[in-house]
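All residue numbers refer to positions in the sequence shown, counting from 1. This one's a predicted model, so the numbers in the text were calculated from it and none came from an experiment.
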Amino acid sequence: MRLNEIGKSGIKVTPITLGTWAMGGDFWGEIDDQACVDALRAGLDRGINIIDTAPVYGSGHAEELVGRAIKGYRREEIVIATKFGVGGANWNDASRKAAFQETEDSLRRLGTDYIDLYQVHWPDPNTPVEETMEALNDLKNAGKIRAIGVSNFDVALMEKSRETARIDSVQPQYSLLVRDIEADLLPYCIEQGIGVLSYGSLGAGMLTGKYRTPPPATEIERRSMFYPFYKEPLFGKALALVEKLEALSKEIDKPVAQIALNWVIAQPGMTTALVGSKNTKQAIQNADTLTWELSGEALAFIDRALKDIYG
């Protein structure tokens with residue numbers, strides 16, 4: 001199976017990552033803990049070697065499920081990516097104190113003694129980024145973490161961060177429906193040799209073909225915090241794109257979701273695409289994305305569809 005290096009860290013990962021946001025149980029609806037554990041193990045057994053999580057997903061619950069899932073596996077064969085700086089009493093806190101405390105809390109929940117990729121979840125406007133990066137350097141030197149990443153950072157903040165620490169990755173939102181990073185962040189990462197881990201790779205479910213009408217109002221409120229295309233006028237355009245993907249799906253006999261994921265990981269500069277699941281069936285379908293690749297003709301078809309719909 002193809003492996004991509006996360007920046008210059010020496011850590012190599014599969015182009016699909018097992019995402020765990022939904023497993024927190026506090027944002028995407030009810031979950032079955034054992035089904036989530038089984039889903040993670042199904043993905044691992046299918047060859048995926050990286051799991052991404054965060055303390056804020058269910059106030060540590062997702063990390064605990066990851067800890068349960070990896071128990072019994074060879075730890076050195078699994079890449080664990082988690083984050084810090086969001087949640088807790090101050091909500092947005094990437095201070096030195098928070099970095100050290102959250103590291104220990106995550107290690108305990110995950111049942112491990114090191115984190116492969118430790119990411120600043122969101123920029124903290126109240127903490128100098130130099131303080132954050134110095135703390136991460138110290139954690140790295142202590143063997144608590146292997147590589148440093150950031151999430152939701154722009155190019156300017158990444159540049160400033162890199163004055164203090166080596167940044168091996170960034171985690172932005174990226175999918176067929178949200179392509180802002182193509183303007184500057186993605187070219188910057190390609191030039192600087194920084195890994196890119198996409199979240200929202202399936203557009204919070206939109207790119208599975210599940211929706212023909214917008215979800216209920218309560219669902220829209222939650223999703224629209226991060227995903228703008230669940231409301232008009234973007235919902236209609238997103239649905240038009242899904243219909244194009246469904247036509248391609250019939251032609252090449254592959255699921256729409258796998259087409260959307262394969263498009264993401266085919267883009268230059270992409271290291272791995274995060275995708276969540278809450279049951280074994282979803283996890284296996286996501287993992288099986290790696291068993292095939294989009295042809296040049298299929299990629300051209302999708303590019304034409306994007307231009308026709310979005311200009």
About how many Å separate [atom2] of [Y] and [atom1] of [X], when rounded to the nearest 0.5 Å?
{"X": "Leu107", "Y": "Tyr118", "atom1": "CG", "atom2": "OH", "value": "7.5 Å"}
{"X": "Leu157", "Y": "Thr132", "atom1": "CG", "atom2": "OG1", "value": "9.0 Å"}
{"X": "Thr208", "Y": "Gln258", "atom1": "OG1", "atom2": "CD", "value": "12.5 Å"}
{"X": "Lys244", "Y": "Asp308", "atom1": "NZ", "atom2": "CG", "value": "5.5 Å"}
{"X": "Arg2", "Y": "Ile16", "atom1": "CZ", "atom2": "CD1", "value": "9.0 Å"}
{"X": "Ser198", "Y": "Leu186", "atom1": "OG", "atom2": "CG", "value": "10.0 Å"}

Salt-bridge contact Asp288-Arg46 (side-chain N to carboxylate O under 4.0 Å):
yes
Any salt bridge linking Lys144 with Glu104? Criterion: basic side-chain nitrogen under 4.0 Å from a carboxylate oxygen.
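Salt bridge between Lys144 and Glu104, a charged N being under 4.0 Å from a carboxylate O: yes.
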Is it true that the NZ or CZ of Arg41 lies under 6.0 Å from the centre of Tyr73's six-membered ring and within 45 degrees of the ring axis?
no
Among Asn152, Asp52, Asp168, side chain to side chain donor-acceptor pair (under 3.5 Å) partner for Gln119:
Asp52
Arg109 pairs by side chain to side chain donor-acceptor pair (under 3.5 Å) with which of Glu63, His61, Glu64?
Glu63
Donor-acceptor contact below 3.5 Å, side chain [X] vs main chain [Y]:
{"X": "Thr127", "Y": "Asp124", "result": "no"}
{"X": "Thr271", "Y": "Val196", "result": "yes"}
{"X": "Asn262", "Y": "Thr289", "result": "yes"}
{"X": "Ser201", "Y": "Leu261", "result": "no"}
{"X": "Thr20", "Y": "Met23", "result": "no"}
{"X": "Ser249", "Y": "Leu245", "result": "no"}
{"X": "Tyr230", "Y": "Met206", "result": "yes"}

Step-by-step side-chain contact (heavy atoms from CB on, under 4.5 Å) determination, Leu241 to Lys237
CA-CA 6 Å; Leu241 179 60; Lys237 291 185 176 183; over 6 Å; no
At their closest point, which heavy atom of [X] faces which heavy atom of [Y], and how far apart are they?
{"X": "Asn92", "Y": "Trp122", "value": "ND2-O, 3.9 Å"}
{"X": "Gly43", "Y": "Ala283", "value": "N-CB, 4.3 Å"}
{"X": "Met133", "Y": "Val120", "value": "CE-CG2, 4.0 Å"}
{"X": "Ser151", "Y": "Gln171", "value": "OG-O, 3.1 Å"}

For Asn49 and Thr14: C-alpha separation, side-chain torsions, deciding distance, then whether side-chain hydrogen bond (donor to acceptor under 3.5 Å, both in side chains) applies.
CA-CA 6 Å; Asn49 76 338; Thr14 47; 3.2 Å; yes
Could you point out which residue of Leu117, Leu139, Asn137 forms a side-chain contact (heavy atoms from CB on, under 4.5 Å) with Ile148?
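Looking at Leu117, Leu139, Asn137, the match for Ile148 under the side-chain contact (heavy atoms from CB on, under 4.5 Å) is Asn137.
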Kindly indicate whether the side chain of [X], heavy atoms from C-beta on, has any atom under 4.5 Å from the side chain of [Y].
{"X": "Leu44", "Y": "Ile51", "result": "yes"}
{"X": "Leu290", "Y": "Ile265", "result": "yes"}
{"X": "Ile302", "Y": "Ile259", "result": "yes"}
{"X": "Leu207", "Y": "Phe229", "result": "no"}
{"X": "Tyr211", "Y": "Val242", "result": "no"}
{"X": "Val178", "Y": "Ser175", "result": "yes"}

Among the clusters formed by ILVMFWY side chains lying less than 4.5 Å apart, do Leu239 and Tyr310 turn up in the same one?
yes
All ring-ring contact (aromatic ring centres under 6.0 Å, His included) counterparts of Trp263, not counting sequence neighbours
Tyr174
Step by step, would you call Glu159 with Tyr188 a side-chain hydrogen bond (donor to acceptor under 3.5 Å, both in side chains)?
CA-CA 10 Å; Glu159 279 276 83; Tyr188 173 79; 2.6 Å; yes
Heavy atoms from other residues, nucleotides or ligands near [atom1] of [X] exceed 12 (cutoff 6.0 Å):
{"X": "Glu251", "atom1": "CD", "answer": "no"}
{"X": "Arg74", "atom1": "CZ", "answer": "no"}
{"X": "Glu5", "atom1": "CD", "answer": "yes"}

Could you go step by step and tell me if Arg75 and Asp116 meet the salt bridge (Lys or Arg N to Asp or Glu O under 4.0 Å) rule?
CA-CA 10 Å; Arg75 173 65 181 88; Asp116 297 283; 2.9 Å; yes
Is there a side-chain contact (heavy atoms from CB on, under 4.5 Å) between Phe153 and Ser161 once you walk through the steps?
CA-CA 10 Å; Phe153 276 39; Ser161 301; 3.6 Å; yes
Begin with the C-alpha distance, continue with both residues' side-chain angles, and end with the deciding distance and a verdict on salt bridge (Lys or Arg N to Asp or Glu O under 4.0 Å) for Glu102 and Lys83.
CA-CA 9 Å; Glu102 289 200 47; Lys83 313 175 187 76; over 6 Å; no
Who passes salt bridge (Lys or Arg N to Asp or Glu O under 4.0 Å) against Arg304, sequence neighbours left out?
none
Will you find, in the side chains of Gln282 and Asn286, an N or O donor that is under 3.5 Å from an N or O acceptor?
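Short answer, no.
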Would Cys189 and Met158 satisfy side-chain contact (heavy atoms from CB on, under 4.5 Å), going step by step from the backbone distance to the final call?
CA-CA 10 Å; Cys189 290; Met158 288 184 68; 4.3 Å; yes
After noting the C-alpha distance and the side-chain angles of Thr17 and Thr272, does the key distance pass the side-chain hydrogen bond (donor to acceptor under 3.5 Å, both in side chains) rule?
CA-CA 6 Å; Thr17 292; Thr272 184; 2.7 Å; yes
Test Trp21 against Val56 for side-chain contact (heavy atoms from CB on, under 4.5 Å), laying out the working first.
CA-CA 9 Å; Trp21 187 6; Val56 75; over 6 Å; no
